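All values derive from a computational prediction rather than experimental measurement.
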Amino acid sequence: MLRNNPGKLKESQRRRGLDPKIVDRARLYDELWRRKLSELNELRHAHNVITREIGRIKDSTLRSKRIEEAKALLHKIKALEDEVERYKALRDKLLLSIPNVVHETVPEGEGEEDNVPVYFYGKPKVWRGYLDKFLLQVNEANIDYEVVERRPLSHYEMGYTLGLIDTERASKVAGSRFYYLLEDLVWLELALILYALDYLSRKGFIIIEPPFMMRRRPYEGVTSLSDFEDAIYKVEDEDLYLIATSEHPIAAMYMNEVIPKGELPLRYAGISPCFRKEAGAHGKDTKGIFRVHQFNKVEQFVFSLPEDSWKLHEELLNNAVELWKGLGIPFRIVNVCTGDLGVVAAKKYDLEAWMPGQGRFREVVSCSNCTDYQSYRLNIRYAKARGLPAEGYVHTLNSTAIATSRAITAILENYQTEDGCIEIPRVLRKYLELFPKAPKEYICPKDRGKE
RNA sequence: GCCGCGGUCGCCUAGCCUGGUUAGGGCGGAGGGUUGCUAACCCUCUGGGGGAAACCCCACGUGGGUUCAAAUCCCACCCGCGGCGCCA
């Protein structure tokens, strides 16, 4: 890309509001690196020739003369090696700092507020007090909604009323942004996980539980360094990091491998806890379980041929859409703009659920096509058949199916009944039937049974 | 955690003790030849990088070291297997 199509890289940099000159500098270092590498190879060749000769020489004076020659060459080689290494490092540092090339359908913009809504679903319940705020967010789109007079409780008020979320004791034990989830909400979480895995496995996804920790090297392949330092927990005294999502260990699974074309696309449905530092989010969503350091998530992940990835991107979005329609929660899809896209993705959709208690659409799903950004760094390629030379880098895609803490938040805010209970979405009920102590239709405060 | 053994070009394997022609062989795969067709057989290719090409360099788990020269000798680490210890 750097050599064949620098113009495209520059255009992408410009659209992201970054400096296109970085591309030129990278090209310069690449050129220098190549030139010096050729010189180095010539020197090494000369050295190899002498070295081979020494092995054959019997005469000791001639022999020691040759050894001196070889030694002299070694000094030059060492110096040149350092130079080559330096140029390569300079080039790679620049190259790795360049974010993924944005797709042409990504809107230009600076931040969250420039994301473009492309789809609405459901009939949001809007409290009169949030009506102006709501209308602003739907941006003149003609959508059906219902005005309610009573203010819906936020999910943390609801969790507190039900007595099924305990963030106070969690902060005593683990700090802020942790939680104890109890009883019916644990059942609800398990049902959500089973619902997502059931759906995806029927769609041909391979369900998978990955390692919850990984080494630094593979980790740097799947994410940008800035995300890495801000978001990821390290295990003390070990080269191990807690995963921020199962996307990461699944992507790294095929590191340094060549996948036969016939096996692609490979669809995985990962289930794992996710650990995130949430550094730099001070003051945001401090109450409840919307933004936390640890949650469980079912994730869609796909390795594909480059020519198929845009079609698969829509497929992943569609799966998320169907899952959330199934839950009966109103939402919108936004096409995430260049300023909010992140380094790894070429294009990203967010699915934002309507939260009646907050009067806002909030992100519950993020669906990205990372094209060859991860596969290049992880060296994951494809070939016609096993054993044949690789033809190129695969594309990787990922999308949330269901992140439990956010899905529970959405359910707590959207399914409130008049009498202070939570109705359980119908699609989840069959996953609760089996268990005598699991809630069936409603989750109610302990002192007010409803079933 | 300790002790022992091992890791070679997609897979299997030789080479390591005793440093020195080009890491040899088998399997699998791709292309071609022969053939009425298939099988068998024969030839070429089958790790990464630089180069328009000829060609050259790098690669024997990873990283260092010794040496003119390391798959081979030394050190550290990683992974696997076996034994001991510990343990949900």
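- Here B:rA88 sits opposite no nucleotide as a Watson-Crick or G-U wobble pair (both hydrogen-bonding atom distances under 3.5 Å).
- Inter-residue side-chain proximity for A:Arg44 and A:Glu81 is flagged as met; some heavy-atom pair is nearer than 4.5 Å.
- Nucleotides B:rC86 and B:rG1 are separated by 16 Å at their P atoms, to the nearest Å.
- Side-chain N or O atoms of A:Asp184 include none that pairs as donor or acceptor with a backbone N or O of A:Leu164 at under 3.5 Å.
- Here, B:rG65 and B:rA59 have their P atoms 13 Å apart, quoted to the whole Å.
- Residue whose closest nucleotide on RNA chain B sits further toward the 5' end, between A:Arg52 and A:Arg381: A:Arg52.
- Counting heavy atoms from C-beta on, the side chains of A:Lys261 and A:Glu391 come closer than 4.5 Å.
- A sub-4.0 Å separation between OP1 or OP2 of B:rC68 and a side-chain N or O of A:Arg44 is absent.
- At a non-hydrogen distance threshold of 4.0 Å, A:Leu74 from residues 73-85 of chain A come into contact with RNA chain B.
- A sub-4.0 Å separation between OP1 or OP2 of B:rC78 and a side-chain N or O of A:Arg217 is absent.
- Of the nucleotides present, B:rG20 is the one that pairs with B:rC68 by Watson-Crick or G-U wobble criteria, both distances under 3.5 Å.
- Pairing for B:rC37 is absent, judged as Watson-Crick or G-U wobble with the two contacts each under 3.5 Å.
- When the C1' atom of B:rC68 is taken as reference, atom NZ of A:Lys71 falls 7 Å away, rounded to whole Å.
- Distance CG (A:Leu43) to C1' (B:rG50): 15 Å, rounded to an integer number of Å.
- Backbone-only engagement by A:Arg215 is indicated by non-hydrogen atom pairs under 4.0 Å involving sugar-phosphate atoms exclusively.
- The shortest side-chain heavy-atom distance between A:Ser224 and A:Tyr373 falls under the 4.5 Å cut-off.
- Going from atom CD of A:Glu42 over to atom C1' of B:rC56 covers 8 Å, rounded to whole Å.
- Close to B:rC58, at under 4.0 Å from its OP1 or OP2, lies a side-chain N or O of A:Asn48.
- With values rounded to the nearest 0.5 angstrom, A:Ile402 atom CD1 is found 10.0 Å from A:Ile408 atom CD1.
- B:rA14 and B:rU72: their C1' atoms are spaced 13 Å apart (whole Å).
- Residue A:Glu39 places its CD atom among more than 12 non-hydrogen atoms of other residues, nucleotides or ligands, all under 6.0 Å distant.
- With a cut-off of 3.5 Å on both pairing distances, the Watson-Crick or G-U wobble partner of B:rA30 is B:rU44.
- The distance from atom CH2 of A:Trp187 to atom NZ of A:Lys437, rounded to the nearest 0.5 Å, is 10.0 Å.
- Only the P atoms considered, B:rC3 is 29 Å distant from B:rG19, to the nearest whole Å.
- Rounded to an integer number of Å, the gap from CG of A:Leu37 to C1' of B:rG49 is 7 Å.
- To the nearest whole angstrom, the two C1' atoms, one in B:rC77 and one in B:rC68, are 29 Å apart.
- In this structure, A:Ile50 places its CD1 atom 13 Å from P of B:rC57, rounding to the nearest Å.
- A:Ser154 has its side chain within reach of A:Glu413: a pair of non-hydrogen atoms, C-beta onward, lies under 4.5 Å apart.
- Both distances falling under 3.5 Å, in either a Watson-Crick or a G-U wobble arrangement, place B:rG4 opposite B:rC81.
- Atoms CD (A:Glu238) and P (B:rC77) sit 13 Å apart, rounded to a whole Å.
- Sorted by residue number, the members of residues 25-35 of chain A with any non-hydrogen atom under 4.0 Å from RNA chain B read A:Trp33, A:Arg34.
- Within 4.0 Å (heavy atoms only), A:Ile54 reaches at least one base atom of the nucleic acid.
- Within 6.0 Å of the CD atom in A:Glu110, the count of heavy atoms belonging to other residues, nucleotides or ligands does not exceed 12.
- Between A:Asn256 atom CG and B:rC79 atom P there is a gap of 16 Å when expressed in whole angstrom units.
- Contact annotation for A:Ser38: backbone-only contact, meaning every heavy-atom pair under 4.0 Å involves sugar-phosphate atoms and none involves a base.
- Annotation: cation-pi pair A:Arg215/A:Tyr241 absent, no NZ/CZ under 6.0 Å from the ring centroid and within 45° of its normal.
- In this structure, A:Asn41 atom CG and B:rA54 atom C1' are separated by 15 Å, rounded to whole Å.
- For the C1' atom pair drawn from B:rG61 and B:rG80, the interatomic distance equals 11 Å after rounding to whole Å.
- Take the nearest nucleotide of RNA chain B for A:Glu68 and for A:Val49: the residue whose nucleotide is more 5' is A:Val49.
- Two residues are said to be in side-chain contact when any heavy atoms from C-beta on lie closer than 4.5 Å; A:Glu53 and A:Glu69 fail this criterion.
- Out of B:rU21, B:rG49, B:rC68, the shortest distance to the side chain of A:His47 is found at B:rC68.
- Atom C1' of B:rU21 sits at a distance of 24 Å from the matching atom of B:rG26, rounded to the whole Å.
- Side-chain N/O atoms of A:Ser246 and A:Glu299 include no donor and acceptor closer than 3.5 Å.
- Distance noted for atom C1' between B:rG25 and B:rU8: 13 Å (whole Å).
- For A:His45, the listed nucleotide lying nearest its side chain is B:rC56; candidates were B:rC56, B:rU21, B:rC68.
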